[in-house]
Amino acid sequence: MGAIRLEKVKKTFGTLDVIPGVDLDINDGEFVVFVGPSGCGKSTLLRLIAGLEDVTDGKILINGVDVANEAPAKRGLSMVFQSYALYPHMTVYNNIAFGLKMAGESKAVIDEKVQNAAKILNLTDYLERRPGALSGGQRQRVAIGRAIVRNPAAFLFDEPLSNLDAALRVNMRLEITGLHQELKTTMIYVTHDQVEAMTMADKIVVLQAGRVEQVGKPMDLYNNPANKFVAGFIGSPKMNFIGGDYAKKHDCHEIGIRPEHVAVSTESGDLPATVKIAEHLGAETYLHVNAGGFGPMTVRATGEVPLGEHDKIWLTPEQDRIHRFDANGIALGKL
Amino acid sequence: MENKQTPLGHIGFSIFAWIVGLLIFFPIFWMVLTSFKTELEAVSIPPSFISFDWTLENYAEVQARSDYFRFAMNSVILSVGSTLVGLLFAVPCAWAMAFNPTKRTKDALLWMLSTKMMPPVGVLVPIYLVFRDWGLLDTRFGLIMVLFLMNLPIMVWMLYTYFKEIPSDILEAARMDGATLPKEIIFVLLPMAVPGIASTMLLNIILAWNEAFWTLNLTTADAAPLTAFIASYSSPEGLFWSKLSAASTLAVAPILIIGWFSQKQLVRGLTFGAVK
Ligand SMILES: Nc1ncnc2c1ncn2[C@@H]1O[C@H](COP(=O)(O)OP(=O)(O)OP(=O)(O)O)[C@@H](O)[C@H]1O
Ligand SMILES: [Mg+2]
């Protein structure tokens, strides 16, 4: 069981107001991802929940109990660090067993749990090794193993995959998702990689400058961003923003249209454009274009498109996919 | 590589290093040599290098005249004792400074270290009076306290430097794993800092072993270590070079041997694979 609730959680470092006040509800068993640009306070918020930083003000409720002033150990949470933070002087076995030893479990119980975790994570052959003799992916798995044996109320992950290479990252992403489906334990996952956020999350929390910009299911954020910041942050490549007359036509300050929601034609359309760079990926093609008065845009065409530099094309945004924003960047809803 | 050394430059530096090394080593070498000479040969001019009658009589006489092992025992107790007491205070202190620094941490460290710049003789009278009034004169306990306090700034500084190298994530991981502060320090921090702690201990044992000012001024017999043993040969009856040399050789031998064998430990770095 691990329902977590933040009430007006504040954190200042000296005079620096890093988290001005966050309210958040995380349900039991949910996979919640914190995303946001670098320095927006994701790690700080996670560390506040973990108890590694003291809150300046506010409440942190775990299963209804305020733990804001409790030591990390008392909160029953496990954390996986970006740097793995394994104990270098202990074997893999002892790394995983450390938390159980601290909890005073018996040798038999420890052994059973460690062996079990090792089996789940494919670490059985490495139990007697030191972390120094493991690959990055294996170290990451040890760090996860250390977290799961303690049967925590929730797992906290701080960018656990950012030290891994691209292929391994995809693998581990799937493994962590699989682990969540198996354990059904609450997980809070910090990342600045919005692909990880979209693919893993039940619920995404978008942060900017210590503020929650929007909370919602990945597809809700994708389809109905609350403001320009969320619209630009979720989705890759980024949403295009167009102001001026074209926006006036839609009765707003600025419109946003995702690269995948623009039809490309060589004959006719709404906006004339010139291709600057074409990125051919096979399954899709990204066109970085100059759309005359509307400035640079990115559009995505499916499949192989025989276009290259200087080609003249026409763009037509899908009307029901246009996002409208007012002068403050707040979404106005569809026309 | 840009600034690759030429072989000639390399040889030049090697020769220079050897010269410096020999200059440093020469007094010790000469002392050992003199300890095997007779008193007459010891003062003869020009001095003889190898071609003299090697003799062990100085050592025999030194041992007969004063009980070497009693002094040596005191040296061991004082240096090891003050180092262990020092660790007890320096480890928590360095932990706090390295992992929970404040704006003033650096200042506090520098201030601690600056106390080492004051000449000890400046506090001789007050400390002597305290020792006299509390009955600490010529006691091992009193001397351990003085040596420990004298070396504490250096221990804190060294441990602080080593602890700084340890990623705080690992300690936080231990905290998440439910370790209390003492357990975090004993099971996680200290094992990772073993090389650093070993070299800190070693250096402090050496410093305490060689410390002569306080050991000479605050002891007479019961707690007197090897420094007092040496000093007793340079006194009233005039100078006896070869006996003094023999006594000195005996006094420095143990610490030289320890230092020699623990060189590896002293230079071994923190070569773990914790991060990355
Ligand atoms: N111990 C600290 N003392 C002072 N300022 C801090 C401290 N820790 C973090 N900050 C500041 O708080 C802000 C948020 O930091 P945080 O590490 O939470 O960002 P983040 O969202 O995790 O960024 P990243 O994606 O780069 O990891 C930053 O501006 C950072 O400089
Ligand atoms: Mg971070």
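Only this structure's heavy atoms are used, side chains among them; waters, hydrogens and symmetry mates stay out. Throughout, a chain's letter reflects where its sequence line sits, starting with A, and its residues are numbered from 1.
Contact annotation: the side chain of A:Leu156 never approaches that of A:Phe34 to less than 4.5 Å [non-hydrogen atoms, C-beta and beyond].
Heavy-atom distances place the side chain of A:Arg47, and not its backbone, under 4.5 Å from chain B. Both the backbone and the side chain of A:Ala50 come within less than 4.5 Å of a heavy atom in chain B.
In terms of non-hydrogen atom pairs under 4.5 Å with chain A, the most contact-rich of B:Met176, B:Arg175, B:Lys103 is B:Met176.
A distance-only check finds a donor-acceptor pair linking the side chain of A:Lys42 to the backbone of A:Gly36 [under 3.5 Å]. Checked by atom type and distance alone, the side chain of A:Arg139 pairs as donor or acceptor with a backbone atom of A:Pro131 at under 3.5 Å.
Note: A:Phe157 and A:Tyr189 have tilted aromatic rings, judged against thresholds of 30 and 60 degrees for the angle between ring planes.
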